[in-house]
Each structure stands twice: as C-alpha cells, then as structure tokens.
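Atom set for the values below is all heavy atoms of this structure, side chains included, hydrogens, waters and symmetry mates excluded. Chain A is the first sequence line, chain B the second, and so forth, proteins listed ahead of strands; every chain is numbered from 1.
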Amino acid sequence: MSAKALMAWQDLALGTAICEPGSAAKLKTGDWRSMAPSLDEEKCIQCGICLILCPEFCISEHDDGFFRPDYDYCKGCGICANECPKDAITMGREEK
Amino acid sequence: MAKRVGLEVSLAVADAVKMSKAEVVSAYPITPQTHIVEELSHFVANGELDAAFIPVESEHSAMSAAMGSAATGARTYTATSSQGLALMNEMLPIASAMRLPIVMTIANRSLSGPISIWNDHSDIMSIRDVGWVQIFVENGQEAFDISVCAFKIAEDHRVLLPMGVNMDGFMLSHMIEPVEFPDQSDIDDFLPGFTAKMILDPAEPVTMGPVGVPEVYMEAKVQCEQALINSKPVVKEVLDGFAAKFGRQYNLVETNGKEGAKTLFVTMGSLGETVMTSVDEMNADGKDVGQVRIRLWRPFPQEEFLAAVKGADKLIVLDRALSPGGVRGPVASELASLFHGQADAPEIVNVVAGLGGRDVSVDEFKEIYETAQSGGFKDAYTVWGVMSNA
C-alpha cells in the first residue's frame with residue numbers, strides 16, 4: 001500500500017514552511033509528460049533556437065554541441081519540435 | 001501610577017495597541033472600527049508610537065500586508081468590521097496556516113444586506129472556522145486589557161496564531177467608559193518584544209505558505225488545529241498572569257447571578273452586560289436564574305463551560321447571528337454539539353436576538369426568561385422580537 005501522506009503532522013515545519021532553499025529542483029515536473037521530443041542529429045544544425053524557446057528552460061547545450069532537453073523537467077509541450085527550422089526534433093508518444 | 005480616565009472604547013483600544021508597542025499597523029477604515037486605526041495613525045504621525053502605519057487600499061490588502069509584516073517578525077496589528085472582515089476572508093485562514101501572530105480587533109457589525117452599520121455577530125460567525133484564536137470582550141476596561149493580552153497570547157511560541165478580539169460595534173466601540181491605564185513600565189514587564197520563531201530572512205531562506213499537495217494538506221491542517229486547541233492553556237496562563245500583575249481577573253467562561261440556578265442565560269459579548277442587570281433584578285425578585293458568559297470562543301473552552309453550567313437543567317442561549325437554514329444559531333449549535341450524548345444534558349432554548357443593532361432591553365430578557373419557563377419557545381430557535389403578521 002502506498003502511503004497517502006508524506007510525513008506526520010508533528011514533523012512538518014511551523015506553518016508547513018519549506019526550510020531547504022532550492023528544494024523545488026527535486027520536484028521532477030516532467031513525470032506527467034505524454035509526448036517526448038527526440039533529436040535527429042543528422043538534421044540538427046546546433047542553432048539553439050529550441051533552447052531559446054523552451055518555456056521550461058530545460059534544454060541545455062551539451063559538450064558535443066547539441067542541444068538536448070532534461071527529461072526530468074521536459075513536459076513534452078512540443079514547442080521545440082514545432083519551431084525547429086530543420087525539423088530535426090520529432091515528438092513521440094512517451095513509453096512508460 | 002495607573003490612572004483612570006473616561007474615554008471612547010475605540011480610543012482605549014488604540015492606546016492599548018500603542019502601549020503594546022505594535023511595530024506595524026496595516027489598516028483600512030470601516031465603520032464602526034475606524035476610530036481605532038485613525039487614532040493609531042495619529043500616534044504614528046506625531047511620534048508617540050514608533051511603528052510603520054500602512055494605509056492600504058482595501059481590507060484584503062490590510063490582511064496581506066499584516067501577514068507580510070508578521071512574517072518578518074514585527075509585532076503587527078490591524079482592525080476591521082463587517083464587510084471589511086468579509087473582504088479579508090480569503091487571507092484569514094492563510095494567516096493562521098502560516099502561523100502568523102497578528103492581532104486584530106473586530107468591531108462586530110452585521111453583514112449587509114440590507115446595508116447595516118449596526119451591531120450583531122454575523123460578521124465573526126461567517127469566519128468562525130478560519131483557525132484564529134477568537135475572544136469576545138464586554139466592556140471598555142476589558143477591551144483595553146484583552147488587547148494587551150492578545151499580543152502575548154498570539155506571539156507565544158506554543159501558540160503562534162493570529163488572534164481576533166471581538167468587540168461589539170457602537171454598543172461597545174463608541175461608548176465612553178472609565179478605563180484604567182496601567183503604567184507603561186508595567187505593560188513592558190508583562191509584554192516583552194516579539195521574538196519570532198521563523199522569519200523571512202535572506203541569510204536563512206524559508207518558503208512560507210507553499211502549496212500543500214494532497215500528501216501534505218491534511219497534516220498541515222491538523223498541525224494548525226492542534227496549535228489552536230493547545231492555545232487554550234496559554235490563553236488561561238496569560239489572563240491569570242495579567243490578573244497577578246494588574247489585579248483584574250478574566251476567565252475563559254464567567255458566571256454571575258444566583259449560584260446553582262437551574263436556568264442559565266448563555267451570552268457572548270456586550271449584550272451579556274444587559275443580561276447581567278436583568279439577572280440581578282430577577283434574582284432580587286427571587287427568580288432561580290443565573291448567567292454564563294463565554295469569553296473565549298475559539299478554541300471553545302469545553303471543560304470550563306461544562307463546569308460553569310453543571311447542575312443547570314435549562315440554558316437560554318442568546319445568539320447574535322442567524323445560521324440561515326441551519327438547525328440553531330451558531331452558539332446554540334456549538335452547545336448542542338458539546339452536550340451530545342451526555343445523560344444530564346440541559347434543555348437548550350435558543351433565542352436569536354439583537355440583529356442589525358436592534359436593541360434588547362433588560363425587561364425583554366425577563367420576558368424571555370418567563371417565556372422559557374412556561375415552555376413558550378416551541379422551535380429549535382426563536383428569532384426574538386420580529387414583527388410578523390402571522
């Protein structure tokens with residue numbers, strides 16, 4: 001049986017405050033994604049438009065020069081695929 | 001030396017806030033509360049009170065600013081009434097959920113419509129369940145004294161909850177009464193500065209008031225409710241401490257009239273003083289009647305109330321608000337719930353009276369007593385004094 005509560009009420013901070021700065025990064029907001037982008041590196045010209053337009057700021061430049069999303073946070077909105085000038089990004093159904 | 005002066009009760013409350021050294025007053029004027037914050041704005045403007053006075057654009061903002069202020073660790077005060085309290089409604093449960101010890105005077109006034117500036121308890125009863133400590137005062141001295149105590153109660157680290165001090169609009173707020181002012185040094189001894197347990201501080205960042213997902217929300221509410229339940233002994237301790245220092249004892253529940261009387265009036269707020277006079281006169285005429293006055297409304301002082309009515313077989317419960325479509329008025333519903341399942345539960349006669357400033361006289365309470373004795377109140381509650389063609 002999965003626990004319905006995270007912790008006992010006595011263990012919550014005063015007023016349910018969050019006392020650890022930056023803890024929101026631990027919340028993997030990409031876990032409800034139904035569509036995921038995939039990159040065709042043959043077509044990609046490494047322009048970085050996808051990074052600029054990603055509303056989640058989850059695309060970053062990698063050492064090999066390609067721009068890839070962090071799937072922990074990518075929500076699969078498809079803006080990168082839609083805006084890619086070379087159609088190098090395609091959206092596929094999330095396999096889970 | 002303490003000095004006794006005659007002044008309007010609203011101004012006495014402003015003096016209490018000044019002598020409590022509030023650091024932030026965030027308020028919007030509304031009748032019949034306005035004189036309190038108007039006086040406080042004078043105190044701040046002329047340098048008598050070293051505080052930030054924030055003249056906000058609405059009561060919603062007044063409470064929002066008060067919450068921000070309390071979150072920085074400042075002693076924070078505001079006041080409102082009726083529609084103003086209603087406009088604050090959205091923020092009130094957030095203030096308690098965030099455990100911010102704001103003190104607010106509520107000059108109780110009926111909710112519109114029809115538009116009314118006069119007194120009843122429909123404003124406070126509409127926000128009964130926001131998780132604040134809620135207390136009612138009956139006279140000017142009490143309004144002063146309890147206002148000072150409220151800061152000490154709310155800011156106590158065993159409580160850390162906002163506290164509403166209810167004072168009947170006009171019937172109390174605008175009366176001129178004798179009020180004894182303690183020396184500032186004695187108030188300073190009784191009420192040291194506010195030391196917050198958690199504050200907004202860039203050096204030690206915290207997120208106050210985050211989202212409570214379903215896996216957290218219920219635990220958060222229980223934590224808040226437990227704090228409210230656990231505030232009762234602190235309220236008692238502070239009031240007893242006040243009595244030890246200043247000689248005026250306030251209890252969670254008060255009794256007067258004939259001891260061991262079988263019929264008891266139950267009142268809350270300043271109309272209780274009218275009932276006191278009525279009960280005294282009826283006692284002088286040999287009537288078997290007494291009175292219980294509820295001072296602390298939230299958390300409800302269950303044990304103290306049960307002890308106060310022990311042996312009585314009839315309670316005439318006065319409500320100053322309707323619970324439209326409900327079983328009884330709010331106070332009587334509370335008591336019916338309290339007595340549920342008890343073998344020796346007294347009969348509850350519920351009279352809703354004095355809505356929208358309608359006066360209820362000493363003689364009318366005698367009439368209410370006689371009607372109750374003769375079984376004249378047939379319904380679960382009776383709206384007293386309504387003109388009807390039926």
message: Taking side chain as everything from C-beta outward and backbone as N, CA, C, O, which of these in B:A220 sits under 4.5 Å from a heavy atom of chain A? Side chain, backbone, both or neither.
response: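 Both parts, heavy atoms under 4.5 Å.
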
field: Segment of B:L160 engaging chain A (4.5 angstrom heavy-atom cut-off)
entry: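 Contact with chain A: side chain only.
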
- request: May I ask you to say whether A:E42 pairs ionically with A:K86, meaning some side-chain N is under 4.0 Å from a carboxylate O?
  value: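 Salt bridge: no.
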
Distance-minimising heavy-atom pair for [X] and [Y]:
{"X": "B:G241", "Y": "B:F190", "answer": "C-CE1, 3.8 Å"}
{"X": "B:P210", "Y": "A:A17", "answer": "CD-CA, 4.5 Å"}
{"X": "A:F66", "Y": "A:D64", "answer": "N-OD1, 3.0 Å"}

Taking only distance into account, so ignoring hydrogens and angles, what donor-acceptor contacts under 3.5 Å exist between chain A and chain B?
from	atom 1	to	atom 2	distance (Å)
A:L6	N	B:E215	O	2.9
A:L12	O	B:Q223	NE2	3.2
A:A13	O	B:Q223	NE2	3.0
A:G15	N	B:Q223	OE1	3.2
A:I18	N	B:T207	O	2.8
A:I18	O	B:T207	N	2.7

task: Find the distance between CD1 (B:I30) and CD1 (B:I36) and round it off to the nearest 0.5 Å.
output: 12.0 Å

Reported CD1-to-CZ distance for the pair A:I89 and A:R68, which is rounded to 0.5 angstrom: 11.0 Å

task: Measure from the ring center of B:F151 to the ring center of B:F194 and say whether it is less than 6.0 Å.
output: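 Between B:F194 and B:F151, which both carry aromatic rings, the centre distance is not below 6.0 Å.
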
query: Of the backbone (N, CA, C, O) and the side chain (C-beta and beyond), which part of A:A24 lies under 4.5 Å from a heavy atom of chain B, both, or neither?
result: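 For A:A24, there is no contact with chain B at all, as no heavy atom is under 4.5 Å.
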
